[in-house]
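Structure first, commentary second.
Throughout, residue positions are numbered sequentially from 1 according to the sequence presented. These values consider heavy atoms only, across backbone and side chains, with no hydrogens, waters or symmetry-generated copies.
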Amino acid sequence: MTDSFPVSHHDPSNSPFTVLVVDDQASVRTLLVAELNSAGVANVLEAANGNMALHLFKQHRPDLVLLDIQLPGKDGYWVAQQMRIMESGDWTPIIFLSGLDSELDVWRGIESGGDDYLVKPVKPIVLAAKLRAMRRLLDMRRRLVSLSQELHEANERLSQIVELDAMTGLVNRRGFDRILHNEIATARRDGTPLTLMLCDLDYFKRFNDSSGHIAGDTCLKELGRVLREVCIRPRDVAARYGGEEFALILPNTPRSGAMTFARAVGQLLKVRAIAHPDSPIGPLLTLSGGITTCVPDESTSAESMIMRADEALYAAKAQGRDRFFSFEMQMDTLEHRNA
C-alpha cells in the first residue's frame, strides 16, 4: 500500500496542494521534494533563505510550509513570525525542520508561530504522517471558516427579514431604530447634515371607515412604493414607523434638499390620485410630514430627532395638512412652492 497524500473534495482544495520547502542546503531540499512527491504532493516550491521564502509565501500562499531553523541571515523563527503577520487572520501550517531537538528549540518553534517540529534527517514515513495530520487540520479549519461564513450570511438574511415590514416591503420600526442610530453616529463623525422625516396619511381612519380595510392596506402598499421611488440614493431609507406613519432617513441632506425631497413625495402621491371619499381637505388622499435636519453633535440622539420631527408633523397638521413642515426653516412645502 502506498503512502499517497489524500486529496480533499471541498472547494478550497480543488487546486493542487502546494508545499513550500525552506532550507539553505540544496541537497536537503532535493531530498524533501522527492519525499513529498512520493507522498502525493505535486506542487513544491523551494527557497534557500528567509527573504526568498517570504516572497514565495506572499505570492503563492502555499498550503503547508516546511521551514528549516538554521538559515543564512534571519533564522527560521523570524521567518515564521513574518509569515504569521502576512496572514492577517488566515492560517497556514508551518512545520520546523532542524538538526536540533532540545526542548528549548521545540518551545521557540511553537512560540514563533510553528505548528510542529521535525528533526533532520526526516524519515519519509514520519513526514507522510505529519502531512496527513496537517492536511486534516487545514481541512477542518477551512470547513469551519466556510460554515462560519454561511452562518454569517444566514444571520444577515434573517436580520433583513426581521427588519422588514411584511405589508409594504419597507424597513420596519426595529430596522428604522438601528439605522437612524448608525446614521447619527456617521453624520456626527463626518460633520455632515442628516435629515429625518416623519409622514402621516391625512385622515386615514376616515379612509378605512369609508373605503374598507382592504383598500386601506392597498393604500399603504402604494405609499410604500412611492417612498421607495424617491429613495434613489443607496443610503436613503424609507421605513414604516407604525400604522399609517412612515419615516425617511436621508443622510447628507441639508435643509433645502430636505424640503425639495418632501415636495417630490407629495407630488408623487398626487400623481397616484388615490381617491379619499371622506377627506375634509379634498377628493384625493394626501400626506403630512415633519422634517428635522441637523449636523449631529454629542447631544443629538435618535430620540431627540424623532421628537423634533414629530413636533414638526403636528405643526404641519395644525397648518392645514397636505404639507411638510420644518422648524429649522420655519416654513412648509406650500410656502416653499410659492416662494
Next on the checklist: Does the plane of the ring in Phe204 sit parallel, tilted or perpendicular to the ring in Phe207? Use 30° and 60° as the thresholds.
Outcome noted: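 Rings of Phe204 and Phe207: parallel, under 30°.
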When you check the gap from the basic side-chain N to the acidic O, do [X] and [Y] get nearer than 4.0 Å?
| X | Y | answer |
| --- | --- | --- |
| Asp217 | Lys221 | no |
| Asp116 | Lys130 | yes |
| Asp115 | Arg84 | yes |
| Asp139 | Arg136 | no |
| Glu328 | Arg255 | no |

Counting distance only, does the side-chain N/O of [X] pair as donor-acceptor with the main-chain N or O of [Y] below 3.5 Å?
| X | Y | answer |
| --- | --- | --- |
| Arg29 | Asp23 | yes |
| His276 | Asp278 | yes |
| Asp24 | Pro72 | no |
| Arg132 | Leu127 | no |
| Asn182 | Thr186 | no |
| Arg188 | Thr300 | yes |
| Glu183 | Ile249 | no |
| Asp63 | Thr18 | yes |
| Asp75 | Trp78 | yes |

Heavy-atom closest pair, residues [X] and [Y]:
| X | Y | result |
| --- | --- | --- |
| Lys270 | Leu284 | O-CD1, 4.3 Å |
| Leu220 | Gly243 | CD2-O, 4.0 Å |
| Asp202 | Leu287 | OD2-N, 3.3 Å |
| Met134 | Ile95 | CG-CD1, 3.8 Å |
| Leu71 | Gly50 | CD1-N, 4.2 Å |
| Leu201 | Cys219 | CD1-SG, 4.1 Å |

Would [X] end up clustered with [Y] when hydrophobic side chains under 4.5 Å apart are linked, directly or stepwise?
| X | Y | result |
| --- | --- | --- |
| Phe324 | Tyr314 | no |
| Leu31 | Val119 | no |
| Ile125 | Leu64 | yes |
| Tyr117 | Val22 | yes |

Check: [X]/[Y] side-chain N/O donor and acceptor closer than 3.5 Å:
| X | Y | result |
| --- | --- | --- |
| Gln70 | Ser98 | no |
| Asp190 | Thr192 | no |
| Thr195 | Thr253 | no |

Item to check | Residues, nucleotides or ligands: over 12 heavy atoms within 6.0 Å of Leu147 CG | outcome: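 It does: Leu147 CG has more than 12 such atoms within range.
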From [atom1] ([X]) to [atom2] ([Y]), nearest 0.5 Å:
| X | Y | atom1 | atom2 | result |
| --- | --- | --- | --- | --- |
| Ser288 | Gln319 | OG | CD | 10.0 Å |
| Met167 | Asn172 | CE | CG | 13.0 Å |
| Leu36 | Leu131 | CG | CG | 6.0 Å |
| Arg263 | Thr260 | CZ | OG1 | 6.5 Å |
| Met197 | Leu227 | CE | CG | 10.0 Å |

4.5 Å side-chain heavy-atom contact, [X] and [Y]:
| X | Y | answer |
| --- | --- | --- |
| Glu163 | Arg178 | yes |
| Cys294 | Met305 | yes |
| Leu45 | Val21 | no |
| Thr292 | Leu194 | no |
| Tyr203 | Arg321 | yes |
| Phe176 | Leu248 | no |
| Phe246 | Leu170 | yes |
| Leu97 | Val122 | yes |

Checklist entry - Run the side-chain contact (heavy atoms from CB on, under 4.5 Å) check on Thr92 and Val65 step by step: do they pass? => result CA-CA 7 Å; Thr92 302; Val65 178; 4.2 Å; yes
Checklist entry - Checking side-chain contact (heavy atoms from CB on, under 4.5 Å) for the pair Glu222/Thr218: CA distance, chi angles, key distance, verdict? => result CA-CA 6 Å; Glu222 187 63 31; Thr218 301; 5.6 Å; no
Next on the checklist: Taking the six-membered ring for Trp, are Tyr77 and Phe96 closer than 6.0 Å centroid to centroid?
Outcome noted: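 Close enough - the centres of the two rings lie under 6.0 Å apart.
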Checklist entry - Where do Ile291 and Phe325 land on the side-chain contact (heavy atoms from CB on, under 4.5 Å) test, with the steps shown first? => result CA-CA 6 Å; Ile291 307 170; Phe325 181 80; over 6 Å; no
